[in-house]
Amino acid sequence: MIRPVVLGVETSCDETSVAVIDGANRILGHVILSQDVHEVFGGVVPELAARAHLQKIDSVVAEALTRAEITLEDVDVFGVTAGPGLIGALLVGVCWTKATAWALDRPWVAVHHMEGHLFGPVLEEPEAEPPFIALLVSGGHTLLLHATEWGEYRLLGQTRDDAAGEAFDKVAKLLGLPYPGGPAIERVAATGDPSRHRLPRPMLRGSQTVEDPAFYDFSFSGLKTAVVDVTRAVGENVDEHVPHIAAAFQEAAVDVLVSKTLRAVTETGCGRVVLGGGVSANTRLRHEMARRLEELDADTGPRQVHHASLRLSLDNGAMIARAARFRFDRGEVAGLDQHASPSLPFPGLLQGSRTAASSRT
Ligand code: KG4
Ligand code: ZN
């Protein structure tokens, strides 16, 4: 077995996930347990999420070790999401990891959840290496980064209000669709006609220049309000219009996400794009990004869009183990005084970058 063997733990939201990777970054064992208790409430209930993590963490670890055909003593390094996320949920993973690493006298690494998403695609596609432009889109974040190297990131843009995934979830709720909203919207949008309703493209105007503070930033709350207005306007016929409204919303969100990412490609001349986070599971986003990148009239060198498979796009322990390995190799081992932090700052932001704020967590 190639060492170091890294065990990664993810409990920041509603997935309890543990993965074991070896020294060549191959996944040896991986378990993702999605909590279904939240479905009836139409969103994640923090207290229930924390309790469910606590109930399941031991068995999820045991199953990941069994699949990897190793025991806990074979683990060289532990990694865990220390933030951002729901504090009660984070605490379960962090306390488990800290205590286990201490008991076994092994190092442990505190991982930033969104840096974890940045490492998702490279687990499956070795070319998903910097330099690249990264669009990280999840339930709590919308970040546009220029990664010049692993661990060196220039923050170009971020959301000023709701995160992209949050917008999908809220719009789904408005349309009477189940949680999580992203996959539900994608499903019904497939049968809808996006041209039946006109929705705005917030913060996207052709006249914007790179000096404009809104050039790379996102805003999704206005789009959500526009969906409310459209829903009211169709009145009693709302059921019939749900697929069309969902399709129009998805089209507007994807248009903004792709357009801003391509601005970054044009400005930096970096033609490699990495998509990460739950919203990167969206097929329309993936296709449009690839299609419009190909058609872009700019001098960028090789062009390629990288994203992880569905399983590794959503929250998972493998991306956390991979990010932990990177930080471990740089000597960034956590001490007993390291805590879970709901608003952990994004690591490695270069000077001149703005502070990456989380909108929901
Ligand atoms: O990264 P993730 O699994 O958890 C967080 O870190 O938040 O992202 C979850 C978000 C949810 O808002 C969910 O609705 C969205 O990702 N999502 C999608 C799709 N699958 C998940 N959004 C759009 N289309 C999808 N297919
Ligand atoms: Zn995530």
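All values reported here derive from a predicted model rather than from experimental measurement. Heavy-atom basis, side chains included; hydrogens, waters and symmetry copies ignored. Numbering of ligands and ligand atoms starts at 1, following listing order.
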Regarding atom 20 (N) of ligand 1: of the candidates Ser313, Gly278, Ala184, which has the closest heavy atom? Gly278

Tell me whether Phe168 has any N or O atom under 3.5 angstrom from an N or O of ligand 1. no

Under 4.0 Å between heavy atoms, the region of Asp169 that gets near ligand 1 turns out to be side chain

Is the ring pair Phe326/Trp150 parallel, tilted or perpendicular, if the boundaries are 30 and 60 degrees? tilted

Could you say whether the N/O atoms of Gly277 and ligand 1 ever approach to under 3.5 Å? no

For Arg291, the option from Glu294, His287, Glu295 that meets side chain to side chain donor-acceptor pair (under 3.5 Å): Glu295

Phe220 ring center within less than 6.0 Å of Phe168 ring center: no

Atoms of ligand 1 under 4.0 Å from any heavy atom of Gly165, numbered from 1 in the order shown, are 12 (O)

Counting heavy atoms only, which part of Glu15 comes closer than 4.0 Å to ligand 1: side chain, backbone, both or neither? neither

Can you name the nearest heavy-atom pair linking Ala252 to Leu223, along with the distance? CB-CD1, 3.8 Å

Could you check which N/O/S atom of His113 is closest to the Zn ion (ligand 2)? NE2

Going by the order shown, which atoms of ligand 1 are within less than 4.0 Å of some heavy atom of Glu186? 24 (N), 25 (C), 26 (N)

Just give me the atom name: the N, O or S atom of Asp315 closest to the Zn ion (ligand 2). OD1

What are the two closest non-hydrogen atoms of Gln158 and Leu143, and how far apart are they? CB-CD2, 3.9 Å

N, O or S atom of His141 closer to the Zn ion (ligand 2) than 2.8 Å: no

Under 4.0 Å, counting heavy atoms only: does Gly181 come that close to any atom of ligand 1? yes

Is His117 near ligand 1, meaning one of its heavy atoms is under 4.0 Å from it? yes

With a 4.5 Å cut-off on side-chain heavy-atom distances among I, L, V, M, F, W and Y, is there a chain of contacts connecting Val122 to Tyr153? yes

What part of His141 sits under 4.0 Å from ligand 1 if we count only heavy atoms: the side chain, the backbone, both or neither? neither

Within a distance under 4.0 Å of any heavy atom of Asp315, pick out the atoms of ligand 1 and give their elements. 1 (O), 2 (P), 3 (O), 4 (O), 5 (C), 6 (O)

Are Leu90 and Val37 connected in a single hydrophobic cluster, I mean Ile/Leu/Val/Met/Phe/Trp/Tyr linked by side-chain heavy atoms less than 4.5 Å apart? no

Non-hydrogen side-chain atoms of Gln35 and Thr16 separated by less than 4.5 Å: yes

Establish whether Phe215 and Leu135 are linked, either directly or via other cluster members, by ILVMFWY side-chain heavy-atom contacts under 4.5 Å. yes

